[in-house]
Amino acid sequence: MSEYQKLIDEAQSAAESSQNAEELGSARSKFLGKKSQLSEAKKELGKLEERDRAAAGKELNEVRKLIEKAFEQREVHLQEEAWNLQFESERIDLSERLESLRRGHLHLITQARDHLEDVFVGMGFTVAEGPEVETAWYNFEALNIPDWHPARGNFDTIFVNLGSPEEVMLRSHTSPVQVRTMENHQPPIYIVAPGRTFRTDNADATHLPAFNQIEGLVIDKGITMGDLAGTIDSFVQAFFGTEVKSRLRPSYFPFTEPSAEFDISRPDGSWLELGGCGMVHPNVLSNCGIDSEEWQGFAFGFGIDRLVAMRYQLDDIRELVVNDARFLRQF
Ligand code: FA5
């Protein structure tokens, strides 16, 4: 064997230093091919005495096996290396994908609207809806605001260029849904109507030109201002927690009599105006075909955007509409 040790060493180091399948192939044929030293030695076997031939043949076979093994091992190694390179170049980082496909969630206003609906449904109300484009009848007249009435000026109305001038508009409050509900349903009525409302207000820290209100309407027998105050108190506590108080302040709306503004208490002890309310004016009841001798009721309406700003202590209500994902993701 020692006579072949040098050959084995050379073959092993040739296999080891081959960097790819091509180099390995040519080294292999140099050591194992037809013209290799081993093949030549095999041809010479015939010339040996018969008694020596078997031992020499066996030795050659062992040398050949060792050299073949060196090439096979190197081949497996090079194949693994090639696969690793390929895997690396075709690798897709799924963790990055997951990051960019972060799950979305409902907008803060939608969450608040759903929560408000839940609170009022829990108090026995149902949810009503009305169109965002309204006629003067629903937005004003049926609500006891005829066209000469100065209160029309309080609702900085956005008119739509349809029909007679100032007849069709984007609703400036959700109160038209009161009228539509009373026109179509006999009392008793217990509804809330959330929805988008529009005014020519310039956007600032407390105003948006398109904002959200929620309207409440109750029509039943023997309803008093005490029921209104109790309902607002219950809702405020269910929505904000029992530490928050509400109060009513005398005010004026053409569609309620008496009318009030309602405020909620802030942690620093001051009060924040949330909306308006009052006992439904008899003219509104009769405009909607309801006998005001038999039925009474109350209504309220307040801004959802301001309520959200208060609940989450936002300094500027415009944060809710600029669609900055970093802001929205927090909620
Ligand atoms: C009304 O709109 C009455 N319809 C409320 C009402 C209903 C009174 C039923 C009586 C009975 P007012 O114009 O005050 O009232 O608006 C109510 C609330 O809407 C305000 O308190 C405020 O929270 C919100 N709001 C009004 N204008 C804007 C605005 N530009 N941006 C954001 N919120 C506003």
Side-chain angles (χ1 to χ4, degrees), residues 108-109 112-113 116 120 125 128 130 134 138-145 149-158 169-182 189 191-219 223 225 227-229 231-232 235-236 239 246-264 271-285 288 296-311 314 316-321:
L108 203 48
I109 295 289
R113 190 182 148 151
L116 287 167
F120 282 110
F125 287 72
E134 275 294 12
Y138 289 104
N139 200 66
F140 291 128
E141 266 140 52
L143 290 163
N144 204 29
I145 319 173
H149 201 295
R152 279 207 187 193
N154 296 343
F155 298 94
D156 302 305
T157 312
I158 299 173
M169 61 208 70
L170 299 183
R171 64 179 177 193
S172 49
H173 50 174
T174 42
S175 298
V177 188
Q178 286 186 38
V179 179
R180 290 181 175 275
T181 307
M182 286 190 277
I189 293 172
I191 57 118
V192 283
R196 293 208 300 166
T197 47
F198 308 86
R199 293 186 193 175
T200 56
D201 293 342
N202 287 322
D204 64 23
T206 53
H207 293 83
L208 294 171
F211 55 105
N212 296 268
Q213 286 189 341
I214 183 165
E215 191 83 8
L217 174 70
V218 167
I219 306 288
I223 299 289
M225 202 77 181
D227 297 311
L228 168 60
T231 302
I232 287 176
F235 140 71
V236 165
F239 191 80
S246 69
R247 73 171 185 190
L248 301 186
R249 266 182 302 117
S251 184
Y252 172 76
F253 295 101
F255 31 95
T256 45
E257 179 59 36
S259 300
E261 216 102 48
F262 67 92
D263 305 336
I264 55 175
W271 295 89
L272 178 86
E273 179 205 310
L274 207 57
C277 60
M279 301 306 289
V280 180
H281 197 290
N283 289 353
V284 176
L285 292 174
C288 301
Q296 305 77 42
F298 64 77
F300 57 84
F302 57 87
I304 299 179
D305 312 73
R306 283 201 196 161
L307 177 107
V308 167
M310 155 78 185
R311 187 152 185 246
L314 310 181
D316 193 322
I317 203 171
R318 286 170 292 191
E319 301 255 43
L320 293 169
V321 291

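In this text, all values refer to a predicted model and were calculated from it rather than measured experimentally. Ligands are counted one by one from 1 in listed order, and the atoms in each one are counted from 1 as well.
Once rounded to the nearest 0.5 Å, the distance linking CD1 of Ile317 with CG of Leu208 reads 4.5 Å. The structure places OG1 of Thr197 at 11.5 Å from CD1 of Ile214, a figure rounded to the nearest 0.5 Å. Rounding to the nearest 0.5 Å places CD of Gln178 at 4.5 Å from CD of Glu215. Separating the CG atom in Asp263 from the CZ atom in Phe302 is a distance of 13.0 Å, to the nearest 0.5 Å.
With ring centers used as reference points, Phe298 lies 6.0 Å or more from Phe262. For an aromatic pair to be called close, the ring centres must be under 6.0 Å apart, and Phe235 with Phe125 fails this.
Of all atoms in ligand 1, numbered sequentially from 1 with element shown, those under 4.0 Å from a heavy atom of Ala299 are 9 (C), 11 (C). The distance from ligand 1 to the heavy atoms of Arg199 drops below 4.0 Å at these ligand atoms: 1 (C), 2 (O), 12 (P), 13 (O), 16 (O), 26 (C), 27 (N). Near Asp201, with a cut-off below 4.0 Å to any heavy atom, the atoms of ligand 1 are 27 (N), 29 (C), 30 (N). Close approach to Gly275 involves these atoms of ligand 1, each under 4.0 Å from a residue heavy atom: 21 (O). Residue-ligand proximity, Gly276 to ligand 1, at heavy-atom distances under 4.0 Å covers atoms 6 (C), 8 (C), 10 (C). Below 4.0 Å from some heavy atom of Ser175 lie the following atoms of ligand 1, by number and element: 4 (N), 7 (C).
In the candidate list Phe298, Tyr252, Phe211, Phe211 is nearest to atom 27 (N) of ligand 1, counting heavy atoms. The heavy atom nearest to atom 4 (N) of ligand 1, out of those in Arg171, His173, Arg306, is found in His173. Of the candidates Phe300, Phe253, Phe155, Phe262, it is Phe253 that places a heavy atom closest to atom 14 (O) of ligand 1. The residue from Pro176, Gly303, Ala203 that puts a heavy atom closest to atom 18 (C) of ligand 1 is Gly303. For atom 5 (C) of ligand 1, the nearest non-hydrogen atom from the set Pro209, Gly301, Cys277 comes from Gly301.
Among the atoms of Leu208, some N or O lies under 3.5 angstrom from an N or O of ligand 1. Backbone and side-chain nitrogen or oxygen atoms of Glu273 are examined, and one is located within less than 3.5 angstrom of a nitrogen or oxygen of ligand 1. Considering backbone and side-chain atoms together, Gln213 places an N or O closer than 3.5 Å to an N or O of ligand 1. Note: no N/O pair closer than 3.5 Å links Gln178 and ligand 1 by distance alone. Inclusion of Ser172 in the set of residues having an N or O under 3.5 Å from an N or O of ligand 1 is not warranted.
With sequence neighbours left out, the side-chain contact (heavy atoms from CB on, under 4.5 Å) criterion links Glu261 to Arg249, Ser251, Phe253, Glu273. Residues satisfying the side-chain contact (heavy atoms from CB on, under 4.5 Å) criterion with Arg311, sequence neighbours excluded, are His115, Phe239, Phe240.
Two residues are said to be in side-chain contact when any heavy atoms from C-beta on lie closer than 4.5 Å; Ile232 and Cys277 meet this criterion. Arg306 has its side chain out of reach of Gln213: every pair of non-hydrogen atoms, C-beta onward, lies at least 4.5 Å apart.
The local environment of CG in Asn202 is sparse, with at most 12 non-hydrogen atoms from other residues, nucleotides or ligands closer than 6.0 Å.
For atom 9 (C) of ligand 1, the nearest non-hydrogen atom of the protein is Glu215 OE2, 3.3 Å. For atom 3 (C) of ligand 1, the closest heavy atom belonging to the protein is Phe255 CZ, 3.8 Å. For atom 23 (O) of ligand 1, the nearest non-hydrogen atom of the protein is Leu274 O, 3.1 Å.
Proximity of Asp305 to ligand 1 is not established, as no heavy-atom distance is less than 4.0 Å.
For the pair Arg199 and Phe211, the cation-pi test (distance below 6.0 Å, angle within 45°) is failed.
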